[in-house]
Amino acid sequence: MQFAGQETVHCPVVVSIFPSPYSELTFLYSDVVNLTIIADIEKTTFADYMQESTAFAQSGAAADAEWAMFMPPNNGFFKASVQNYTVKLGISAFHAMHCLDSLRRVIEVQYGLASNETLEKMANNTEFASFEHIQHCLIYLRQGVMCNADSALEHAIYFSNGTGIRGGDGTVHTCRNFQALYNISANSDELDCLAPL
């Protein structure tokens with residue numbers, strides 16, 4: 001499977017666990033799991049999803065299934081022993097995927113395109129579509145974009161008949177290995193560490 005201002009955002013390599021009893025617990029990612037495998041760089045071309053409609057589900061149950069493929073069974077969480085504590089950690093890429101999926105579902109509801117699964121999820125969990133959760137996701141995603149600061153130069157192509165592609169389609173990006181992160185999470189077998197939403 002292949003995947004493809006004034007605000008200051010800091011991208012620390014140190015994790016601190018709060019609140020108590022972990023307020024003094026600080027450690028490096030490398031103390032917990034070998035993340036060097038995600039440093040593998042690969043060139044990825046962003047697809048023109050409008051031209052490849054069979055490759056990307058646009059809404060409803062088909063989109064639910066497609067988005068689920070990007071989340072490991074434990075939603076990107078795992079437990080680790082650090083300094084005589086057992087801590088629960090979440091991989092940021094899957095937090096971002098959760099946020100994107102949440103925004104997608106809220107938008108589908110607004111346009112009357114949501115699946116029964118999405119409608120049930122929102123009916124049973126009022127926090128899922130709450131302003132606070134959506135605002136958190138927007139800010140989290142903005143900080144992630146700023147932190148990663150992808151410098152790929154994008155272009156828009158317009159044809160003589162007036163049609164064109166969206167800016168970014170067909171642009172080559174330098175990416176980390178998303179599949180390696182997926183495997184780290186999926187292989188941790190911590191199914192009890194599921195995200196609350």
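These values consider heavy atoms only, across backbone and side chains, with no hydrogens, waters or symmetry-generated copies.
Taking 4.5 Å as the limit, every side-chain heavy atom of I91 sits out of range of all side-chain heavy atoms of Y182. Residues F77 and S185 are not in side-chain contact: their nearest non-hydrogen atoms beyond the backbone lie 4.5 Å or more apart.
For the side chain to side chain donor-acceptor pair (under 3.5 Å) test, no residue two or more places apart in sequence or in another chain qualifies with E120. The side-chain contact (heavy atoms from CB on, under 4.5 Å) test applied to V145 returns no partner, not counting sequence neighbours. Applying the side chain to side chain donor-acceptor pair (under 3.5 Å) test to S59 and every residue at least two apart in sequence or in another chain returns nothing. Residues forming a side-chain contact (heavy atoms from CB on, under 4.5 Å) with Y111 (at least two apart in sequence, or on another chain): I107, L113. Applying the side-chain contact (heavy atoms from CB on, under 4.5 Å) criterion to Q110, with sequence neighbours excluded, gives no partner residue. Take S92 and apply the side chain to side chain donor-acceptor pair (under 3.5 Å) test, not counting sequence neighbours, and it matches Y140. Under the side-chain contact (heavy atoms from CB on, under 4.5 Å) criterion, D150 pairs with A152, H173, sequence neighbours left out.
To the nearest 0.5 Å, the span separating CG on L138 from CZ on F131 amounts to 8.5 Å. Going from atom CD of E127 over to atom NE2 of H133 covers 7.0 Å, rounded to the nearest 0.5 Å. A distance of 12.5 Å separates CZ of R105 from CG of L100, quoted to the nearest 0.5 Å. Distance CZ/R176 to CG/L181: 8.5 Å, rounded to 0.5 Å. From I184, atom CD1 reaches atom CZ of F94 across 8.5 Å, with rounding to the nearest 0.5 Å.
Applying the under-4.5 Å side-chain rule to Ile, Leu, Val, Met, Phe, Trp and Tyr, the cluster around L153 consists of that residue alone.
Between H98 and H95, the ring-plane angle classifies as tilted under the 30° and 60° cut-offs.
Listed by first then second residue, pairs satisfying disulfide bond (SG atoms under 2.5 Å apart) with a partner in residues 105-144 read C99-C137, not counting sequence neighbours.
Using modelled atom types, no side-chain atom of E154 and backbone atom of T171 make a donor-acceptor pair closer than 3.5 Å.
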Output, in order, the C-alpha distance, side-chain angles, deciding distance and verdict of side chain to side chain contact (heavy atoms under 4.5 Å, CB included) for L103 and L141.
-> CA-CA 11 Å; L103 293 167; L141 291 169; 3.6 Å; yes

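In terms of heavy-atom proximity, V106 sits nearest to A129 at CG2-CB, 4.0 Å. Of all the heavy atoms in G60 and S115, the pair that sits closest is C-CB, 3.7 Å.
With respect to K121 and D64, no salt bridge is recorded, no charged nitrogen being found less than 4.0 Å from a carboxylate O.
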